[in-house]
Number of protein chains: 2
Amino acid sequence: MALTERKALDLWRRAMCSYVRTSDGDMTARQKAIFMTIALQPGPHTVRGLAADLNLAKPAVTRAIDALEKIGFVRRQKDQNDLRSVILERTVEGMDWLRDYAGLIVAAEAGEDVGRPMVDRKTAAA
Amino acid sequence: MALTERKALDLWRRAMCSYVRTSDGDMTARQKAIFMTIALQPGPHTVRGLAADLNLAKPAVTRAIDALEKIGFVRRQKDQNDLRSVILERTVEGMDWLRDYAGLIVAAEAGEDVGRPMVDRKTAAA
DNA sequence: CCGATTCGTTTCATCACCGAATCGGATGAG
DNA sequence: CTCATCCGATTCGGTGATGAAACGAATCGG
């Protein structure tokens, strides 16, 4: 395995472990992808747009938005130019979470492993 | 928001979106963290060790291992020094998946956005 | 030998998510 | 106006994850 790949995986592992450790571990990968797209990508975001972009069925996006709205990360806004459409907007609370999440990743990149060491004395000694 | 954080978030977003797009979106964050720890960290891994390390209840780890074993990424091996313990080992299949996953991250790091552009013509025009 | 402890697993009830099909409402074309 | 189309939401049955509690088996201590 290439060195950069190994490094990328280790970064990912640390960040992922930190996330699992700290949080209540709720958000789905799908929800994360959708929320981060809404929060970080330009342009008005719609259900169909996200569904097409992420190669998902529309109901899946709707449900993810439901979850994201429930925890207050995203807001639904009717499109006045086409009342069928719904514009998805990020909230301040969502951005706050995102900032913390970024801190997690940056810390992982710096090599910090949030949490205790992982050797198991008993088994390791055997 | 600091520049490095913004960059880290964008990397994360791209990788996460690629993952959602390509895969059938099955693995939980918890499962990923556990599997990557088993696959990338040294030392014999046990249920209790992972539970302590990731701050999880043991049953949660057992169930995650069940899922990982079911898809063939992890193997259970009885500890001959203590028949109560179970040593978790990675499999070749798991490492194959991990290699692909690393490729996803590296590609995201390189700035490639796997999939189609995300503007929605209709809404963007409004 | 016998009780206490430690391991991993199993059970239980609950809850969220999944894909597929369908819905009502809004829009656009004829 | 009328019909086809598009949008987002809802329903359906089924699957899987969740935390809490209790379990059998193995080990250790006295």
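Nothing here was measured: the structure is a model prediction, and the numbers come from that model. Chain letters run A, B, ... following the sequence lines, proteins first and then strands; every chain starts at 1.
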Listed pairs under 3.5 Å, donor-acceptor, residues 66-74 of chain B side chains, sequence neighbours left out:
| from | atom 1 | to | atom 2 | distance (Å) |
| --- | --- | --- | --- | --- |
| Asp66(B) | OD1 | Arg76(B) | NH1 | 3.1 |
| Asp66(B) | OD1 | Arg76(B) | NH2 | 3.0 |
| Glu69(B) | OE1 | Arg76(B) | NH1 | 2.7 |
| Glu69(B) | OE2 | Arg76(B) | N | 3.4 |

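Side chain of Arg21(A) to backbone of Leu56(B): no donor-acceptor contact under 3.5 angstrom is found. Using modelled atom types, one side-chain atom of Thr91(A) and one backbone atom of Gly94(A) make a donor-acceptor pair closer than 3.5 Å.
The distance between atom CD of Glu69(B) and atom P of dA17(D), rounded to the nearest whole Å, is 14 Å. Nucleotide dC17(C) holds its P atom 11 Å from the CD1 atom of Ile34(A), rounded to whole Å. Counting to the nearest Å, the P atom of dC17(C) and the CE atom of Met27(A) are 11 Å from each other. Across the protein-nucleic acid pair, Leu88(A) atom CG and dC7(D) atom C1' stand 13 Å apart, rounded to whole Å. Between His45(B) atom NE2 and dC7(C) atom P the separation is 17 Å, expressed in whole Å. We find that NZ of Lys32(B) is positioned 14 Å from P of dA17(D), with the value rounded to whole Å.
For Glu93(B), the salt bridge (charged side-chain N to carboxylate O under 4.0 Å, His left out) criterion is met by no residue, not counting sequence neighbours. In terms of the side chain to side chain contact (heavy atoms under 4.5 Å, CB included) criterion, residue partners of Lys58(B) (sequence neighbours excluded) are, by chain and number, Val47(B), Arg48(B), Ala51(B).
Within 4.0 Å of Lys70(A), counting heavy atoms only, lie sugar-phosphate atoms of the nucleic acid but no base atom. Nucleic acid contact class of Ala64(A) (heavy atoms, under 4.0 Å, all strands): none.
Figure legend: cation-pi geometry between Lys32(A) and Tyr101(A) absent, as NZ or CZ is not positioned both under 6.0 Å from the six-membered ring centre and within 45° of its axis.
Dashed line: the shortest gap from a side-chain N or O of Gln31(A) to OP1 or OP2 of dA16(C) is not under 4.0 Å.
Ion pair Asp79(B)/Arg84(B) not flagged as a salt bridge, since none of the NZ, NE, NH1 or NH2 atoms sits closer than 4.0 Å to an Asp/Glu carboxylate oxygen. Between Asp10(A) and Lys7(A) there is no salt bridge, since no side-chain nitrogen of the basic residue lies less than 4.0 Å from a carboxylate oxygen of the acidic one.
In the set dG25(C), dC17(C), dA26(D), the nucleotide with an atom closest to the side chain of Arg84(A) is dG25(C). Of the candidates dT27(D), dG19(C), dT18(D), dG19(C) carries the atom nearest the Ala60(A) side chain, counting heavy atoms from C-beta on.
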Could you list, one pair per line, each protein nitrogen or oxygen that sits under 3.5 Å from a nitrogen or oxygen of nucleotides 9-12 of chain D, together with the distance?
| from | atom 1 | to | atom 2 | distance (Å) |
| --- | --- | --- | --- | --- |
| dA9(D) | OP1 | Arg76(A) | NE | 2.5 |
| dA9(D) | OP1 | Arg76(A) | NH2 | 3.1 |
| dA9(D) | OP2 | Thr62(A) | OG1 | 3.0 |
| dA9(D) | OP2 | Arg76(A) | NH2 | 3.4 |

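Cluster annotation: Ile87(B) is not connected to Leu83(B) through the hydrophobic network of ILVMFWY side chains, with a link wherever side-chain heavy atoms come within less than 4.5 Å.
Both Leu56(A) and Leu83(A) sit near DNA chain C, but only Leu56(A) has its closest nucleotide nearer the 5' end.
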**Item:** Pairing pattern in dot-bracket form [Watson-Crick, G-U; both distances under 3.5 Å; | = partner strand] for DNA chain D
**Value:** ||||||||||||||||||||||||||||||
